[in-house]
Amino acid sequence: MTRLHVFDLDGTLLRGTTAGLEIARVLGGLADLESLEADFARGTLDTRGFAAGLCRLWHDLEEAVVTEAFAAAPWIGGMEEVFSDIAGRGEHAIVITMSPDFFARGLLVHGLREVVASRFPALPLREVADPAGILTPADKVTAVDRVLAGLSLSRRDCVAYGDSGSDIPLFQALPHTVAVNATPALRALTAEHYDGDDLRVPYARAQRLLDGRG
């Protein structure tokens, strides 16, 4: 039987940062983006309000800027090796993120089964994102269940890797989870946690969980 590995993007695969911050570093306007993220962290802005704010800030964003930000971003060590090993075992990896699809889909070159991200208009962002396409934390559970059903797998055949509050619903739903450089609230939901810059370490722990040796 195969397995499903579910990875968060911001703070998990992206070490200590977010897709938005990395784009803002290249585009400029980092202070405005940090203010937007602070409002989201405080709970005064939900994911859909955050997306609308991004569209206002980045109305002239071009694909070349996204490509540059993606290439320069601090990806966690061992990521390519982990994705390669998952594929070599005949298992499946997906990324689920509330960050923009125009950034997250760059990960598809690593052989992922799917990248699930908030849907934004085509670049440049001259339109406001449709709220229906912007993911919420609860949507992570819905997406995982959809992929599992398509693979004829159960939640026990799945492991999730995450770092923060947006991963809480998924960590509450799944029996196998690994917190990576995580907040105290998320760490409290799992027996397995890792702090560092090598994805191969939490991945090895995840395999033990799936094997029933965790």
Side-chain angles (χ1 to χ4, degrees), residues 6-63 65-66 68-70 72-76 94-107 115-144 146 160-173 177 179-190:
V6 182
F7 296 91
D8 172 58
L9 175 64
D10 297 333
T12 303
L13 297 181
L14 280 175
R15 180 81 164 88
T17 186
T18 68
L21 287 172
E22 293 310 301
I23 292 171
R25 291 186 211 285
V26 176
L27 184 65
L30 186 58
D32 290 334
L33 196 281
E34 288 175 334
S35 176
L36 202 63
E37 293 216 343
D39 288 342
F40 179 71
R42 284 193 296 268
T44 57
L45 202 63
D46 63 11
T47 57
R48 291 169 176 134
F50 184 85
L54 284 184
C55 289
R56 288 192 296 270
L57 288 177
W58 294 348
H59 61 278
D60 289 326
L61 180 63
E62 299 288 348
E63 191 69 44
V65 172
V66 177
E68 181 180 348
F70 188 94
W75 299 99
I76 192 168
I94 65 173
V95 169
I96 306 179
T97 177
M98 293 180 292
S99 281
D101 55 353
F102 54 75
F103 183 94
R105 63 184 174 227
L107 288 165
V115 170
V116 182
S118 291
R119 297 193 304 275
F120 278 72
L123 298 180
L125 297 175
R126 301 296 167 78
E127 303 172 20
V128 175
D130 181 352
I134 305 302
L135 300 187
T136 68
D139 290 327
K140 290 193 172 189
V141 181
T142 303
V144 166
R146 173 182 58 78
Y161 309 75
D163 77 298
S164 64
S166 68
D167 301 298
I168 287 177
L170 188 58
F171 271 50
Q172 291 173 329
T177 56
V180 180
N181 297 314
T183 62
L186 196 70
R187 289 168 72 109
L189 295 177
T190 179

Please round to the nearest 0.5 Å and tell me the distance separating atom [atom1] of [X] and atom [atom2] of [Y].
X	Y	atom1	atom2	value
Ile23	Leu54	CD1	CG	8.0 Å
Glu68	Glu22	CD	CD	11.0 Å
Cys55	Ile134	SG	CD1	7.0 Å
Asp167	Thr12	CG	OG1	5.5 Å
Arg126	Leu61	CZ	CG	10.0 Å
Phe7	Leu107	CZ	CG	10.5 Å

Does any N or O in the side chain of [X] come within less than 3.5 Å of the main-chain N or O of [Y], such that one atom is a donor and the other an acceptor?
X	Y	value
Thr44	Asp39	yes
Arg15	Pro74	no
Thr18	Asp10	no
Thr177	Ala160	no

Hey, can you tell me if Phe40 and Phe50 have their rings parallel, tilted or perpendicular (30° and 60° cut-offs)?
-> tilted
For the pair Phe70 and Phe103, name the ring-plane relationship: parallel under 30°, tilted 30 to 60°, perpendicular over 60°.
-> tilted
Would Arg119 and Asp130 count as a side chain to side chain contact (heavy atoms under 4.5 Å, CB included) if you check the C-alpha gap in whole Å, the side-chain angles of each, and the deciding distance to 0.1 Å?
-> CA-CA 8 Å; Arg119 297 193 304 275; Asp130 181 352; 5.8 Å; no
Looking at side-chain heavy atoms only, is the closest gap between [X] and [Y] below 4.5 Å?
X	Y	result
Leu123	Val65	no
Glu62	Pro124	yes
Trp58	Phe120	no
Leu186	Ile168	yes
Tyr161	Val6	no

If we ignore angles and hydrogens, is there a donor and acceptor under 3.5 Å between the side chains of Thr136 and Asp139?
-> yes
Side chain to side chain contact (heavy atoms under 4.5 Å, CB included) between Val115 and Asp101, intermediate numbers included = CA-CA 8 Å; Val115 170; Asp101 55 353; over 6 Å; no
Closest approach of [X] and [Y], non-hydrogen atoms and distance?
X	Y	answer
Thr183	Ser164	OG1-CA, 3.9 Å
Asp163	Val180	CB-O, 3.2 Å
Leu9	Val95	CB-CG1, 4.2 Å
Pro169	Pro137	CG-CB, 3.8 Å
Gly162	Phe171	N-CZ, 3.5 Å
Leu189	Gln172	CD1-CG, 4.0 Å

Worked check of side chain to side chain contact (heavy atoms under 4.5 Å, CB included) between Leu21 and Glu34 = CA-CA 7 Å; Leu21 287 172; Glu34 288 175 334; 3.8 Å; yes
Would you find more than 12 non-hydrogen atoms of other residues, nucleotides or ligands less than 6.0 Å from Arg105 atom CZ?
-> yes
Stepwise side chain to side chain contact (heavy atoms under 4.5 Å, CB included) check, Lys140 with Asp8 | CA-CA 9 Å; Lys140 290 193 172 189; Asp8 172 58; 2.9 Å; yes
